[in-house]
Amino acid sequence: MFLPPSTLGILGGGQLGRMLAVEARRSGYRVVIFTDEPAGCPAGQVADVEINAAYDDAEALQRFLTQVDVVTSEFENIPDVCLQAVEAVKPLRPSRLAIHTTQHREREKLFLREQGIACAEFQIVESLAQLEAAVAVLGRPCVIKTAAFGYDGKGQAKVNEDTDLAEAWKAFEGHHAVVEQWVPFVCEVSVVGARSVEGRMATHGVVENRHAHHILDVTLAPAQVEAAILEQAYELWEAVAVGLDYVGTMAVEMFVTADGKVLVNEIAPRPHNSGHYTIDACITNQFQQQLRAVCGLSLGDPTQHTPAVMVNLLGDVWPSETQPPDWSSILNHPRAKLHLYGKATARPKRKMGHFTVLADTVEEALESAELARSALL
Ligand code: AMP
C-alpha cells in the first residue's frame with residue numbers, strides 16, 4: 001500500500017496524466033512524469049518532476065525509476081521495452097500485459113475472442129488477397145483499422161459498396177490490419193470503472209457518447225438506455241477487467257445495436273475522455289479511482305450525484321492557434337465547470353479541454369451545454 005507522500009510515476013504527459021497528477025497532489029502524493037513530449041507538457045505543468053526523454057532511453061528511465069514508488073500510464077502507446085524495464089523494478093499498474101494487449105487492436109480483438117466477449121465480427125489481414133477474402137466473408141460495409149497505434153478514427157478506412165479494395169489497401173500495405181464488420185449501432189456507450197489490487201471492482205454508470213469526425217464530442221451521463229442494456233454493458237466491462245487481471249481505471253467503449261445487443265468496440269487501459277464528467281458529477285472520480293487502485297487502496301464510491309453532460313473543446317473552437325475563445329459563457333454559468341489542459345497551441349481536432357454542465361436532468365444539461373458551446377463560437 002502506498003500512502004502519501006509516496007511518489008506516483010506516470011508514463012505519458014497528456015491531459016489524462018495532468019488530471020491524475022492533480023488528484024494525486026491534492027492528496028499529498030508526489031508525482032513524477034516521464035514523457036517523450038517537450039518540457040512543459042500538460043501533465044508536467046502540474047507535477048513535482050517532469051522527465052522528457054524517449055521511452056527507450058534506458059538512462060532516463062533509470063532516473064525516473066529511482067524517484068518513484070509505483071508506476072501507472074496515462075496512454076497505451078508506450079513501447080514494450082519501457083514497460084518491461086519499469087515492471088522489472090517497480091509495481092506497474094495496470095500490468096505490462098494489460099497494456100500490451102490493449103495497445104494493439106489485433107491483440108485486443110484476439111483477447112476478446114478468446115474470452116468470448118461480444119464484439120463485432122472481424123478478421124486479421126496482412127495482404128490485399130487476405131483483405132479481399134475478409135470482405136467477402138464480412139460483407140460491405142466494413143471497416144479496416146490498423147492493428148497498431150490507431151485512435152480517434154486515425155488509421156481507419158470504411159469499405160463501402162463501391163470502395164476499390166486495392167486502392168483502400170495502399171494505406172495499410174506492410175502492416176497488420178483488423179477488418180471489422182460494420183455495426184449499424186443506435187448509440188455508442190461506455191463504462192469507466194476501476195479494479196483494485198484485490199480484484200474488487202467499482203464502475204461508474206453507463207454513459208452515452210456522441211462523436212463528431214470520429215472524435216468524442218459529447219458525453220451524456222447517465223445514458224438514457226434500458227435496464228437490459230445497462231446490465232450487458234456492466235457485464236462486458238467486468239469480463240474485460242477480470243480477463244486482463246486489470247488494476248486501475250479502465251474504459252470500455254461499446255456499440256448498442258437496434259436489436260438490444262451490446263458489443264465491445266475498444267478498451268482503454270487508463271482513465272478515459274468519456275469519464276471526465278466524473279470529476280464534477282461523482283462522489284469519487286475516475287482519476288481518484290486510478291490513484292486508489294494503483295496505490296493498493298480500497299476503491300471509492302463511484303456514485304453519480306448529479307446528471308451531467310461533458311463537451312469536448314477541440315482546437316477548432318480557438319479563433320487562432322494561440323488565442324482562446326471567450327470563456328465567459330462557461331465561466332459565468334452557475335453549474336458549468338471548465339477544464340483546460342494547458343496546451344499552448346490550438347490545432348484543429350486537438351483536445352484542448354472540456355467542460356461539464358450539471359443539471360437536474362440529462363436533457364437540461366445537454367440543452368444548457370449546447371447553449372454555452374454556441375456562445376463560444
Ligand atoms: P475506434 O477508433 O475503433 O473507436 O472508432 C472510432 C469511431 O468509428 C467509433 O466510435 C464509431 O463511431 C466508428 N466505428 C468504428 N468501428 C465501427 C464499426 N465496426 N461499425 C460502425 N462504426 C464503427
Side-chain angles (χ1 to χ4, degrees), residues 14 16 75-77 99 101-113 117-125 131 134-161 163 165 168 171-172 175-192 206-221 223 225 229 232-233 236-237 240 250-276 310-312 314 348-351 354:
L16 300 173
F75 88 131
E76 54 274 37
N77 291 335
I99 298 172
T101 304
T102 51
Q103 73 183 182
H104 189 268
R105 231 182 259 280
E106 176 178 348
R107 289 195 287 268
E108 180 172 294
K109 288 282 186 196
L110 294 173
F111 158 78
L112 292 171
R113 181 180 278 168
I117 296 172
C119 61
E121 290 294 320
F122 70 91
Q123 292 202 10
I124 312 292
V125 301
L131 172 67
V135 173
V137 173
L138 298 170
R140 295 174 187 237
C142 59
V143 53
I144 316 170
K145 303 180 177 183
T146 50
F149 303 120
Y151 66 97
D152 288 342
K154 288 183 188 148
Q156 297 194 14
K158 190 173 174 190
V159 174
N160 290 312
E161 291 307 328
T163 302
L165 292 182
F172 299 88
H175 299 277
H176 280 211
V178 176
V179 186
E180 239 178 69
Q181 202 159 55
W182 190 252
V183 181
F185 57 80
V186 289
C187 71
E188 294 186 78
V189 298
S190 61
V191 175
V192 175
V206 177
V207 298
E208 179 182 341
N209 299 315
R210 297 185 181 166
H211 295 81
H213 311 291
H214 291 284
I215 301 176
L216 182 63
D217 182 36
V218 172
T219 294
L220 287 72
V225 294
I229 303 291
Q232 287 177 68
L236 289 171
W237 186 92
V240 172
M250 175 187 79
V252 179
E253 294 181 85
M254 307 167 198
F255 298 127
V256 178
T257 66
D259 57 353
K261 290 204 183 72
V262 185
L263 305 174
V264 170
N265 173 31
E266 263 199 318
I267 304 166
R270 51 174 167 79
H272 190 253
N273 199 163
S274 69
H276 289 353
M310 188 275 328
V311 178
N312 260 346
L314 303 185
K349 312 274 175 290
R350 188 175 198 203
K351 290 179 179 173
H354 71 269

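Note that ligands are numbered from 1 as they come in the structure, with each ligand's atoms numbered from 1 the same way. Heavy-atom basis, side chains included; hydrogens, waters and symmetry copies ignored.
Contact between Val264 and Cys119 at its shortest, heavy atoms only, is O-CB, 3.4 Å.
Checked against a 3.5 angstrom limit, the closest N/O atoms of Asn265 and ligand 1 fall inside it. In terms of polar-atom proximity, Val183 is counted as a contact of ligand 1, with an N or O under 3.5 Å from an N or O of the ligand.
Remark: Ile144 CD1 to Thr163 OG1 distance equals 8.0 Å, nearest 0.5 Å. His354 contributes atom NE2, which lies 6.5 Å from atom CE of Met310 (distance to the nearest 0.5 angstrom).
With ligand atoms numbered from 1 in the order given, ligand 1 contributes 2 (O), 3 (O) to contacts under 4.0 Å with heavy atoms of Arg105.
Residue-level proximity to ligand 1 for Glu188 is carried by the side chain, the only part with a heavy atom below 4.0 angstrom.
The residue among His214, Glu180, His211 with a heavy atom at the shortest distance from atom 7 (C) of ligand 1 is His214.
The residues Arg210 and Glu188 are annotated as not salt-bridged, no charged nitrogen and carboxylate oxygen being separated by less than 4.0 angstrom.
Side-chain atoms of Glu266 and Met254, non-hydrogen and from C-beta on, never get closer than 4.5 Å to each other.
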